[in-house]
**Q** 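Here it is, the structure in full.
In the text below, chain A, chain B and the rest are named by the order of the sequence lines, each starting its count at 1.
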Amino acid sequence: MPHAPDRSFFARAPLVVARGLLGCVVSARGVTVRLTEVEAYAGPAGPAGTADPASHAYRGPTPRSSVMFGPPGRLYVYLVYGMHWCANVVCGADGEAAAVLLRAGEVTTGAGLARERRPAARSLHDLARGPAKLAGVLALTGADTGLDLCAPAAEITVLAGSPPATDVVRSGPRVGVSAAGDRPWRFWLAGEPTVSRYRPAGRRTAGPVVGG
DNA sequence: GATCAGATATACT
DNA sequence: GTATATCTGATCC
């Protein structure tokens, strides 16, 4: 049984942290989720050409992304498409600005509460099948950005679960990422019904009305 | 399954 | 001022 993720766990490279998070459980506000799908985002530093253009940290710190440039083990929750919250955990060295997006998981406890938070879910497996759904069942919002998961009495915690067998860990391109979409930095557990359906970055808007 | 509408913070010009 | 966004839910096959 591996020890629970602590500061040194999150201080490692995003790809390592991402793989290590599979099978871990996240508990927040009465709901516990076992992670089945995550994605890694690299920081802007590194050899030329290796920076991650898909990361919010790519162009350096901004008011939104500044927490990524701080110490690892903290939450970065941001609003996407004007309506959905997505939760990341800052990882890598202090200042490296890498992160891991929590994409999907299986609700293991607090399913009733999770259903209240996500009435649109059509099955138990759908409760946290997707990054905004996962953030939803855990009731995470931008107000939780900066929260330290490694604090002694953290309101939100990450603990090691039963580690997945290595042969069920899969990797592939990230979802909804147009830049560097070819990097196989998405990790998931094969056979888990809670893993979100892969959808390449594609049409984002309907565009303006043409003609008339 | 495939396609489309949705609502706003954020970052860039 | 304008374009974009680490997506979801509803609807139509």
**Q** Heavy-atom contacts under 4.0 Å between residues 10-24 of chain A and DNA chain C, which residues?
**A**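 Listed by number, there are none.
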
**Q** Rounding to an integer number of Å, can you tell me how far A:His84 NE2 sits from C:dA10 P?
**A**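 Rounding to the nearest Å, NE2 of A:His84 and P of C:dA10 are 11 Å apart.
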
**Q** Using atom CG of A:Leu140 as one end and atom C1' of C:dC7 as the other, report the distance to the nearest whole Å.
**A**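 Whole-Å distance recorded here is 16 Å.
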
**Q** Where is the tightest heavy-atom contact between A:Ser65 and A:Gly60, given as atom of each residue plus distance?
**A**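 That closest heavy-atom pairing would be OG-O, 3.7 Å.
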
**Q** I'd like to know if A:Val89 and A:Trp188 are part of one continuous hydrophobic network [Ile/Leu/Val/Met/Phe/Trp/Tyr, side-chain heavy atoms within less than 4.5 Å].
**A**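 In one cluster: no.
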
**Q** Kindly write out the residues that satisfy side-chain contact (heavy atoms from CB on, under 4.5 Å) with A:Cys86, not counting sequence neighbours, or none if the list is empty.
**A**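 So A:Cys86 forms a side-chain contact (heavy atoms from CB on, under 4.5 Å) with A:Tyr78, A:Val80, A:Leu101, A:Pro131.
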
**Q** Could you verify whether a donor N or O on one side chain and an acceptor N or O on the other, from A:Ser171 and A:Arg186, lie under 3.5 Å apart?
**A**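 No pair is found: no donor N or O on one side chain lies under 3.5 Å from an acceptor on the other.
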
**Q** The criterion is side-chain contact (heavy atoms from CB on, under 4.5 Å); which residues satisfy it with A:Ala93, sequence neighbours excluded?
**A**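 A:Glu96.
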
**Q** Within the structure provided, determine whether A:Leu35 and A:Leu134 are in side-chain contact (heavy-atom separation under 4.5 Å).
**A**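 Yes, at least one pair of side-chain atoms sits under 4.5 Å.
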
**Q** How many whole angstroms separate atom CG of A:Leu35 from atom C1' of C:dT6?
**A**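 It works out to 16 Å between those atoms.
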
**Q** Pick the C1' atom in B:dA7 and in C:dT2, then give their distance to the nearest Å.
**A**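 B:dA7 and C:dT2 have their C1' atoms separated by 16 Å.
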
**Q** Run the salt-bridge test on A:Arg183 and A:Glu39 with the 4.0 Å N-O cut-off and return the result as yes or no.
**A**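 Looking at A:Arg183 and A:Glu39, the cut-off is not met.
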
**Q** Among residues 182-197 of chain A, which contact DNA chain B at a heavy-atom distance under 4.0 Å?
**A**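 Within residues 182-197 of chain A, no residue comes under 4.0 Å of DNA chain B.
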
**Q** Between A:Asp144 and A:Arg74, does any side-chain N to carboxylate O distance fall below 4.0 Å?
**A**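 No, A:Asp144 and A:Arg74 are not salt-bridged.
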
**Q** Taking salt bridge (Lys or Arg N to Asp or Glu O under 4.0 Å) as the cut-off, I'd like each qualifying pair that reaches into residues 127-143 of chain A, sequence neighbours left out, listed once.
**A**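 Sorted pair list: A:Asp126-A:Arg129, A:Asp126-A:Lys133.
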
**Q** Would you say A:His56 and A:Tyr76 are linked by a side-chain donor-acceptor pair, where the criterion is simply a distance under 3.5 Å?
**A**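 Their side chains do contain a donor-acceptor pair, which is all the 3.5 Å distance test asks for.
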
**Q** So, using side-chain hydrogen bond (donor to acceptor under 3.5 Å, both in side chains) as the criterion, who are the partners of A:Asp52 when residues are at least two apart?
**A**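 A:Arg174.
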
**Q** If you compare all heavy atoms of A:Ala99 against all heavy atoms of A:Pro14, which two are closest, and at what distance to 0.1 Å?
**A**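 Closest approach of A:Ala99 to A:Pro14: O-CB, 4.1 Å.
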
**Q** Just to be sure I understand: a Watson-Crick pair is purine N1 to pyrimidine N3 plus N6-O4 or O6-N4, both under 3.5 Å. Using that and G-U wobbles, which stems of three or more pairs involve DNA chain C?
**A**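 The stems are B:1-6 with C:7-12, B:8-12 with C:1-5.
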
**Q** Given atom CZ of A:Arg129 and atom P of C:dC7, what is their separation to the nearest angstrom?
**A**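 Computing the A:Arg129:CZ to C:dC7:P distance gives 15 Å.
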
**Q** If you assign each of A:Ser178 and A:Ala120 to its closest nucleotide in DNA chain C, which residue comes earlier from the 5' end?
**A**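 Taking each residue's closest nucleotide, the earlier one in sequence belongs to A:Ser178.
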
**Q** Give the other cluster members for A:Tyr58, using side-chain heavy-atom distances under 4.5 Å between Ile, Leu, Val, Met, Phe, Trp and Tyr residues; answer none if it is isolated.
**A**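 Grouped by the 4.5 Å side-chain rule, A:Tyr58 forms a cluster of one, so the answer is none.
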
**Q** Categorize A:Ala54 for me: base, sugar-phosphate, or nothing, with a 4.0 angstrom heavy-atom threshold over every strand shown.
**A**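 Answer is base: heavy atoms of A:Ala54 come under 4.0 Å of a base.
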
**Q** Please report, rounded to the nearest Å, how far the P atom of C:dA5 is from the OH atom of A:Tyr58.
**A**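 Rounded to the whole Å, the gap is 14 Å.
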
**Q** What residues form a side-chain contact (heavy atoms from CB on, under 4.5 Å) with A:Ala11, not counting sequence neighbours?
**A**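 For A:Ala11 the side-chain contact (heavy atoms from CB on, under 4.5 Å) partners, ignoring immediate neighbours, are A:Pro72.
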
**Q** Answer with base, sugar-phosphate or nothing: what part of the nucleic acid does A:Arg118 contact at a heavy-atom distance below 4.0 Å?
**A**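 Sugar-phosphate contact only - A:Arg118 comes under 4.0 Å of backbone atoms but never of a base.
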
**Q** What is the separation between atom CZ on A:Arg199 and atom P on B:dG1, rounded to the nearest whole Å?
**A**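 Atom-to-atom, A:Arg199 to B:dG1, this comes out as 15 Å.
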
**Q** Kindly state each residue pair satisfying side-chain hydrogen bond (donor to acceptor under 3.5 Å, both in side chains) with at least one member in residues 107-122 of chain A, sequence neighbours excluded.
**A**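 Those involving residues 107-122 of chain A are A:Thr32-A:Thr109.
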
**Q** Kindly indicate whether the side chain of A:Leu22, heavy atoms from C-beta on, has any atom under 4.5 Å from the side chain of A:Thr36.
**A**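 The answer is no, as the side chains (C-beta and beyond) never meet within the 4.5 Å cut-off.
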
**Q** Let me confirm one number: the CG-CD distance from A:Leu21 to A:Glu37, rounded to the nearest 0.5 Å.
**A**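 If we round to the nearest 0.5 Å, A:Leu21:CG and A:Glu37:CD are 13.0 Å apart.
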
**Q** Walk along nucleotides 8-13 of chain B from 5' to 3' and tag each nucleotide B, S or - by protein heavy-atom contact under 4.0 Å, base first, then sugar-phosphate.
**A** B-SSS-

**Q** What is the distance from NZ of A:Lys133 to C1' of C:dT6, rounded to the nearest Å?
**A**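 Answer to the nearest Å: 15 Å.
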
**Q** Write down the distance between CG (A:Asn88) and P (C:dC7), rounded to a whole number of angstrom.
**A**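 Taking atom P of C:dC7 as the reference, CG of A:Asn88 is at 11 Å.
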
**Q** Please list, by residue number, the residues of residues 95-105 of chain A whose heavy atoms come closer than 4.0 Å to an atom of DNA chain B; answer none if no residue qualifies.
**A**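 Per residue number, the list is empty: none.
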
